[in-house]
**Student:** 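This structure is in structure tokens; I'll ask about it shortly.
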Amino acid sequence: MTPGLENTIVDHDAYRRNVAHLHELGVVLPKISELADPVGQLSSKMHMVADVDPDVADPRNLFRVHWHNSRDRKTLSAVPEHLVLGEDLTGVKARIVIALGNRFPMINCHKVLAAYGCLIPRLISGVFDAPRHRAVWPSTGNYCRGGVAIANLLGCRSVAVLPEGMSQERFDWLNSWLADPNDIYRTPGTESNVKEIYDACHDLARSSENLILNQFAEYGNYIIHRSVTGPAMERIFRHLDQSKNLKARAFIAATGSAGTIAAGDHLKASLGTQIGVIEALECPTLLYNGYGEHNIQGIGDKHVPLIHNVMNADFVIGVSDRASDGLNLVFNTAAGRKFLSNCRGIGQHSISDLGDLGLSSLANVIGAIKYAKYMDLGPDDVVMTVATDGADLYRTELGIAEREYHVDGLDTARAAEIFGRAILGAATDNMIEMNRRDRERVFNLGYYTWVEQQGITLADFDRRREQAFWDGLLDLGPVWDGMIEAFNRESEG
Ligand SMILES: Cc1ncc(COP(=O)(O)O)c(C=O)c1O
């Protein structure tokens, strides 16, 4: 059985220990179908969660690992929280709709969802032995925070593996959630040094007490995003549409592990949208087989993840980190906000909402603008994307960006220059509309990581060429839900 695709109990002793362990802690596990449709399926349970602080390690916060948390992150919202960015901000007529990941509990980022999707099949099959194992979360920062949070709720120990160059806010959070500072494993480099992360994991895997949950290769990450994020995005679109005859043109997302982009597979099937993959121009791996350093934290890792269904991608869009760093300055400083208000006529309310957009979210917005320009979209067209996290996680990056732009305190002229370049000047350069040959080129690039370096068999690598393989993965959702139900019955009993 492929690790991570367990469809039955593999280790009965560990399974029994897991049941007893979660019984003691009073943990109930939400089903994937509940996280996919919390309004329909969780409303009756939400009273149990109502008084729980969304930022503490209380297992009831598992019932908030979905897109339907309100702004207060406590109550359910009928439609996932989102922003609709208009022409005043984007310079294009199409509506750019961005779902807000900072409403997720504990880490203000949707990566708790990926972590849950990766851990749950191991837990309910007994592959992960909760009282004994340490869950190892290789990441560029947010997935390991998500993993640490989920594991804490389940009373399990974690190891966070991340590059030493990630934002200070990520390390501050990890220090406050991990009892033992040795459980933070810092690897050399920054954002795109994923090979170094893998090397660390090979090291850690030598100890039988460690279980590596590699988000780049765990199909649970694909399955949970396609099953949960996909329908959440579709619900936002249908809510906006309501007989306005809007057209959902594309789902655009910058890829790290390529979990989130799996929502595009759902949306392509349900709404006929295209799929656009964003990457940093400074590390153009999918665009040009390129490499390099960049600061769009969370994306662009110099390889093609095993769980990336690249044969279903329609566009690859390059966005420079200079643009996302610059917009972070404009959107989150007093001078930048004054420019947006005085010169672009954007209301205070909309301006303060821009704080919901972290660096990769800004890259997603720029990518959506490039797509809208390339496709010459009009006011009835919708381009959908996500804000994985918000600007709060990048406060310390503001000073760095100021130095990069040689700005000693931003003024209106400088803000106008940055905004003009990043948004109004966003051009349709460095993007590829993928044909069969482009898709094969990107797919084949993955061979070197997965078959040559990471020991995936050629057959397991190649079967990913077919859409039927990816569609077939969805069958596991109901299977896992059945196993979760049985697990809950035993641990509650
Ligand atoms: C801030 C941020 N943006 C984007 C991504 C990419 O998301 P995914 O890994 O689902 O492709 C990540 C992943 O960790 C992230 O942390």
Side-chain angles (χ1 to χ4, degrees), residues 54-55 61 64-67 69 73 99-119 135-153 158-178 183-187 190-194 197 213-216 218 220-221 224-225 228-229 253-263 278 280 294-301 305 307 321 324 328 356-364 385-397:
D55 290 316
N61 269 325
R64 292 190 173 126
V65 180
H66 55 66
W67 288 93
N69 298 299
R73 295 159 71 239
L100 300 180
N102 65 357
R103 306 315 199 230
F104 275 78
M106 300 173 289
I107 63 167
N108 296 84
C109 169
H110 72 57
K111 295 295 288 192
V112 274
L113 181 65
Y116 190 69
C118 293
L119 182 59
V136 178
W137 307 99
S139 147
T140 49
N142 277 333
Y143 172 70
C144 67
R145 294 194 308 121
V148 166
I150 296 290
N152 266 20
L153 302 192
S158 285
V159 182
V161 183
L162 75 166
E164 60 195 359
M166 304 313 295
S167 76
Q168 186 55 41
E169 286 82 349
R170 283 161 161 78
F171 287 103
D172 293 344
W173 186 96
L174 285 168
N175 280 319
S176 68
W177 274 68
L178 283 168
D183 288 342
I184 304 177
Y185 202 110
R186 294 164 204 254
T187 54
T190 56
E191 195 43 60
S192 51
N193 294 88
V194 168
I197 297 177
L213 292 159
N214 180 352
Q215 58 169 337
F216 302 95
E218 290 285 332
N221 186 4
I224 205 145
H225 273 297
V228 174
T229 305
T255 53
S257 68
T260 311
I261 200 80
I278 293 178
H294 68 92
N295 194 41
I296 308 179
Q297 301 192 21
I299 75 157
D301 306 305
I307 63 155
D321 67 0
S324 45
N328 190 33
D356 287 330
L357 310 183
L359 291 178
S360 72
S361 327
L362 299 171
N364 283 349
T385 186
V386 295
T388 300
D389 57 18
D392 278 353
L393 273 177
Y394 304 97
R395 293 268 165 231
T396 53
E397 297 291 319

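Along the sequence shown, residues are numbered consecutively beginning with 1. Every heavy atom of this structure was used, including side-chain atoms; hydrogens, water molecules and symmetry mates were not.
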**Student:** Do the side chains of His66 and Leu113 get nearer than 4.5 Å, heavy atoms only?
**Tutor:**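 No, their side chains stay 4.5 Å or more apart.
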
**Student:** For the backbone of Ser139 and the side chain of Gln215, can you confirm whether one donor and one acceptor N or O come within less than 3.5 Å of each other?
**Tutor:**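 Not at all, since once roles are kept as given, no pair shorter than 3.5 Å links the two residues.
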
**Student:** As a quick check of understanding, evaluate side-chain contact (heavy atoms from CB on, under 4.5 Å) for Met106 and Val112, giving each step before the final call.
**Tutor:** CA-CA 8 Å; Met106 300 173 289; Val112 274; 4.2 Å; yes

**Student:** Cation over ring, Arg186 on Phe171, under 6.0 Å and within 45°?
**Tutor:**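 Yes, Arg186 sits over the ring of Phe171.
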
**Student:** Could you tell me whether the side chains of Asp389 and Asn142 share a donor-acceptor contact shorter than 3.5 Å?
**Tutor:**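 Present: a donor and an acceptor within the cut-off.
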
**Student:** Could you verify whether a donor N or O on one side chain and an acceptor N or O on the other, from Asn102 and Asp356, lie under 3.5 Å apart?
**Tutor:**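 There is such a pair between these side chains.
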
**Student:** Ignoring hydrogens, what is the shortest heavy-atom contact between Ser158 and Gly147? Give both atom names and the distance.
**Tutor:**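 Shortest heavy-atom contact: OG-O, 3.9 Å.
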
**Student:** What pair of heavy atoms forms the shortest contact from Ser257 to Ile307, and how long is it?
**Tutor:**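 Scanning both residues completely, I find the closest heavy atoms to be O-CG1, 3.3 Å.
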
**Student:** Evaluate the criterion side-chain contact (heavy atoms from CB on, under 4.5 Å) for residue pair Leu359 and Asp321; output intermediate values, then yes/no.
**Tutor:** CA-CA 8 Å; Leu359 291 178; Asp321 67 0; over 6 Å; no

**Student:** Rounded to the nearest 0.5 Å, how far apart are CG of Asp183 and CG of Asn175?
**Tutor:**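 Here the rounded value is 11.0 Å.
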
**Student:** Quick one: pull up OG1 in Thr385 and CG in Leu357 and give me the separation to the nearest 0.5 Å.
**Tutor:**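 If we round to the nearest 0.5 Å, Thr385:OG1 and Leu357:CG are 10.0 Å apart.
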
**Student:** Evaluate the side-chain proximity of Glu169 to Asp392: yes if any heavy-atom separation is below 4.5 Å, no if none is.
**Tutor:**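 Result no, sub-4.5 Å side-chain heavy-atom pair not found.
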
**Student:** If you measure from CD1 on Ile299 to CD1 on Ile296, what distance do you get to the nearest 0.5 Å?
**Tutor:**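 Rounded to the nearest 0.5 Å, the CD1-CD1 separation comes to 4.5 Å.
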
**Student:** Can you measure from SG (Cys144) to OH (Tyr185) and round to the nearest 0.5 angstrom?
**Tutor:**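 Between Cys144 SG and Tyr185 OH, I get 14.0 Å after rounding to 0.5 Å.
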
**Student:** Taking C-beta and beyond as the side chain, do Arg145 and Leu393 meet within less than 4.5 Å on heavy atoms?
**Tutor:**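 Touching, per the 4.5 Å side-chain cut-off.
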
**Student:** If I take atom CZ from residue Arg103 and atom CH2 from residue Trp67, how far apart are they, to the nearest 0.5 angstrom?
**Tutor:**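 Between atom CZ of Arg103 and atom CH2 of Trp67 there are 11.0 Å.
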
**Student:** Tell me, please, which residues at least two apart from Arg64 pass salt bridge (Lys or Arg N to Asp or Glu O under 4.0 Å).
**Tutor:**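 Arg64: no salt bridge (Lys or Arg N to Asp or Glu O under 4.0 Å) contacts found.
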
**Student:** Judged by atom type as modelled, is there a donor-acceptor pair below 3.5 Å linking the side chain of Asn61 to the main-chain atoms of Pro105?
**Tutor:**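 Looks like no, no N/O pair under 3.5 Å.
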
**Student:** Do the ring planes of Trp137 and Tyr143 sit parallel (below 30°), tilted (30 to 60°) or perpendicular (above 60°)?
**Tutor:**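 Aromatic pair Trp137/Tyr143 classed perpendicular.
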
**Student:** To the closest 0.5 Å, what do you measure between SG (Cys118) and CG (Leu213)?
**Tutor:**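 If we round to the nearest 0.5 Å, Cys118:SG and Leu213:CG are 6.5 Å apart.
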
**Student:** Flag the pair Leu162 / Thr140 as yes when at least one side-chain heavy-atom distance between them is below 4.5 Å, and no otherwise.
**Tutor:**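 Contact flag for Leu162/Thr140 side chains = no.
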
**Student:** Are a donor atom and an acceptor atom from the side chains of Gln297 and Glu397 found within less than 3.5 Å of each other?
**Tutor:**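 Checked: Gln297/Glu397 side chains pair up, N/O donor to acceptor below 3.5 Å.
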
**Student:** Evaluate the criterion side-chain contact (heavy atoms from CB on, under 4.5 Å) for residue pair Leu362 and Asn364; output intermediate values, then yes/no.
**Tutor:** CA-CA 5 Å; Leu362 299 171; Asn364 283 349; over 6 Å; no

**Student:** Dump the intermediate steps for side-chain contact (heavy atoms from CB on, under 4.5 Å) on Asn108 and Asp55, then the final yes or no.
**Tutor:** CA-CA 9 Å; Asn108 296 84; Asp55 290 316; 4.0 Å; yes

